[in-house]
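Order of the sequence lines sets the chain letters (A, B, ...), proteins ahead of strands, with each chain counted from 1.
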Number of protein chains: 2
Amino acid sequence: MEPKDTKQRILDAAEHLFAVNGYRGTSLRAITAAAKANLAAVNYHFGSKQALIEAVIERRSVPLNRLRLQRLEEVQTAARRQGVPPTARQVLTAFVEPSLAFRTSGPGARDFITLIGRALAEPDDTVRNIFVGHIRPVVELLDICLAEALPELPARVLIWRLHFLLGSLSHIMNNMDKLQAPPIGLPLVAGPKEMVDLLLPFLTAGMEAPA
Amino acid sequence: MEPKDTKQRILDAAEHLFAVNGYRGTSLRAITAAAKANLAAVNYHFGSKQALIEAVIERRSVPLNRLRLQRLEEVQTAARRQGVPPTARQVLTAFVEPSLAFRTSGPGARDFITLIGRALAEPDDTVRNIFVGHIRPVVELLDICLAEALPELPARVLIWRLHFLLGSLSHIMNNMDKLQAPPIGLPLVAGPKEMVDLLLPFLTAGMEAPA
DNA sequence: GTCTATAGATTGATAGAC
DNA sequence: GTCTATCAATCTATAGAC
């Protein structure tokens with residue numbers, strides 16, 4: 001195995017440390033030390049700390065969101081071919097499944113999921129806006145698909161429920177490893193497949209509830 | 001109106017700035033400047049930055065969680081008096097309503113809600129653990145009440161759904177002001193009363209869904 | 001491309017006068 | 001209790017040798 005070049009090692013180390021300690025809580029020194037690179041290498045390869053996290057987010061956001069868009073479009077076209085609206089369950093599966101499965105798609109993907117799970121709540125608008133910019137088209141298509149699946153639901157109610165959904169998903173992605181079961185504090189673990197089975201009935205029922 | 005003493009002004013300023021910029025993103029200098037106090041006053045009155053945020057969180061967490069516990073106990077005893085289990089809707093209302101209503105309970109409460117909404121996702125374990133320590137007994141009672149309301153639901157499924165619920169609520173509390181409606185980006189606003197009416201059908205249906 | 005060295009700014013915390 | 005002044009540590013970013 002060829003040793004990865006410096007740029008890759010910095011990306012990997014930054015992904016991990018940003019996930020663990022947050023954007024502000026991670027110094028360029030910590031990143032370059034973990035990457036066994038020189039402090040100046042960050043600015044040589046990326047230009048600034050902000051440009052570095054943009055690169056970290058972009059590296060995995062682009063393929064992940066492409067996958068989510070693709071799954072949603074498949075549900076949409078399959079339904080149109082049959083002349084019926086898609087079911088809420090189909091739409092939600094298309095969105096939730098890639099999100100959770102991505103976690104085990106390779107080394108570092110897990111850190112990335114923690115990172116973007118946290119990004120929604122980042123105080124720093126820098127990080128938040130980068131993330132939101134990438135996911136916006138996916139959320140817009142999700143909104144359209146759910147409106148087709150639930151035509152009787154007022155648009156305003158649908159949008160709020162969409163945010164409830166995003167909150168649940170974001171929280172789970174962010175905390176999948178640290179959750180504990182009351183009252184004894186047993187660690188609470190579930191694989192991506194099982195998590196889909198837990199999330200979908202909850203979200204589907206919530207979405208389909210009468211307004 | 002008497003001018004508030006320095007300690008109070010520092011608490012108020014810290015609450016606001018921590019809510020807007022996060023714990024790490026807020027310097028003691030920014031806090032004392034906003035509070036029109038001297039930089040050294042923070043360490044004189046509180047001892048350290050960490051002790052300051054502990055005081056900020058405790059000031060409102062204690063009464064809020066006392067209210068939530070009280071509401072849950074009321075539901076519990078009312079149901080026992082009638083010899084029937086409470087409904088999921090009653091239990092969820094007892095938990096969600098004070099959370100959202102607290103927001104408009106006075107000046108600063110709104111900042112505090114943003115602050116604790118964010119605390120669940122704070123990278124800094126300091127902040128996270130302070131918050132979790134305060135809310136833990138409430139979540140444990142909520143778990144017990146929901147188990148009574150939904151006796152057929154496996155305990156493991158219930159706990160996960162509880163976390164889905166906490167994710168939704170936390171995300172809404174954190175973002176109530178900044179959410180936008182696709183595709184035009186209209187600001188999306190709802191008062192606490194309306195938000196309860198939006199959240200409860202979603203959460204109740206999700207909780208009651210068959211496993 | 002990689003390194004050392006350092007500039008330039010900001011931070012939490014404290015000493016000590018009043 | 002409040003203030004000025006400052007320490008010691010940390011940070012991002014850059015200049016310049018190799």
Side-chain angles (χ1 to χ4, degrees), chain A residues 2-59 115 118-119 122-130, chain B residues 2-59 115 118-119 122-130:
Chain A
E2 285 290 304
K4 293 179 181 172
D5 64 7
T6 301
K7 198 168 175 177
Q8 284 293 323
R9 292 202 317 277
I10 290 176
L11 275 176
D12 292 341
E15 181 173 61
H16 178 67
L17 291 171
F18 284 150
V20 173
N21 300 320
Y23 177 64
R24 283 202 156 108
T26 304
S27 69
L28 296 184
R29 278 172 175 78
I31 293 170
T32 50
K36 296 188 203 304
N38 188 273
L39 170 61
V42 168
N43 279 10
Y44 176 79
H45 286 288
F46 299 94
S48 70
K49 187 182 182 182
Q50 168 163 345
L52 171 59
I53 194 168
E54 283 176 16
V56 167
I57 294 178
E58 182 167 349
R59 177 170 65 150
L115 176 62
R118 172 163 292 162
E122 268 282 347
D124 199 301
D125 281 345
T126 301
V127 182
R128 202 186 135 84
N129 289 337
I130 297 169
Chain B
E2 284 289 305
K4 292 179 180 172
D5 64 7
T6 301
K7 200 169 175 178
Q8 284 293 322
R9 292 201 318 275
I10 290 176
L11 275 177
D12 292 341
E15 181 174 61
H16 178 67
L17 290 171
F18 284 149
V20 173
N21 299 320
Y23 177 64
R24 285 202 155 108
T26 304
S27 69
L28 296 184
R29 281 170 175 79
I31 293 170
T32 49
K36 296 187 201 305
N38 188 273
L39 171 61
V42 168
N43 279 11
Y44 175 79
H45 286 286
F46 298 94
S48 69
K49 187 182 182 183
Q50 170 163 344
L52 171 59
I53 194 169
E54 282 176 18
V56 166
I57 294 178
E58 183 168 345
R59 176 171 63 150
L115 177 62
R118 173 163 290 162
E122 268 280 349
D124 200 301
D125 281 346
T126 301
V127 182
R128 203 187 134 82
N129 289 337
I130 297 168

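Heavy atoms only, all atoms of each residue included: R9(B) and K4(B) are closest at NH1-O, 3.0 Å. Of all non-hydrogen atoms in V42(A) and S48(A), the two that sit nearest each other are CG1-O, 4.5 Å. Smallest separation of non-hydrogen atoms from F46(A) and A55(A): CE2-CB, 3.8 Å. When all heavy atoms of I10(B) and L52(B) are compared, the pair lying nearest together is CG2-CD1, 4.0 Å. The two residues T26(B) and L17(B) come nearest to each other via the heavy atoms OG1-O, 3.1 Å. Closest of all the heavy-atom pairs between R24(A) and N21(B) is NH1-O, 3.5 Å.
Rounded to an integer number of Å, the gap from K49(A) NZ to dT10(D) C1' is 12 Å.
As judged by a 4.0 angstrom heavy-atom cut-off over every strand, T32(A) is placed among residues making no nucleic acid contact. Heavy atoms of A40(A) sit under 4.0 angstrom from at least one base atom.
Using a 4.0 Å cutoff to heavy atoms of chain A, the contacted part of DNA chain C runs 5' to 3' from dG1(C) to dT4(C).
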Watson-Crick or G-U pairs under 3.5 Å in DNA chain D, rendered as dot-bracket with [ ] for crossing pairs and | for another strand: ||||||||||||||||||
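With K49(B) contributing its side chain and Y23(B) its backbone, the two residues share a donor-acceptor pair below 3.5 Å.
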Give the C-alpha distance, both sets of side-chain angles, the deciding distance and a yes or no for side-chain contact (heavy atoms from CB on, under 4.5 Å) between V56(A) and H16(A). CA-CA 10 Å; V56(A) 167; H16(A) 178 67; over 6 Å; no
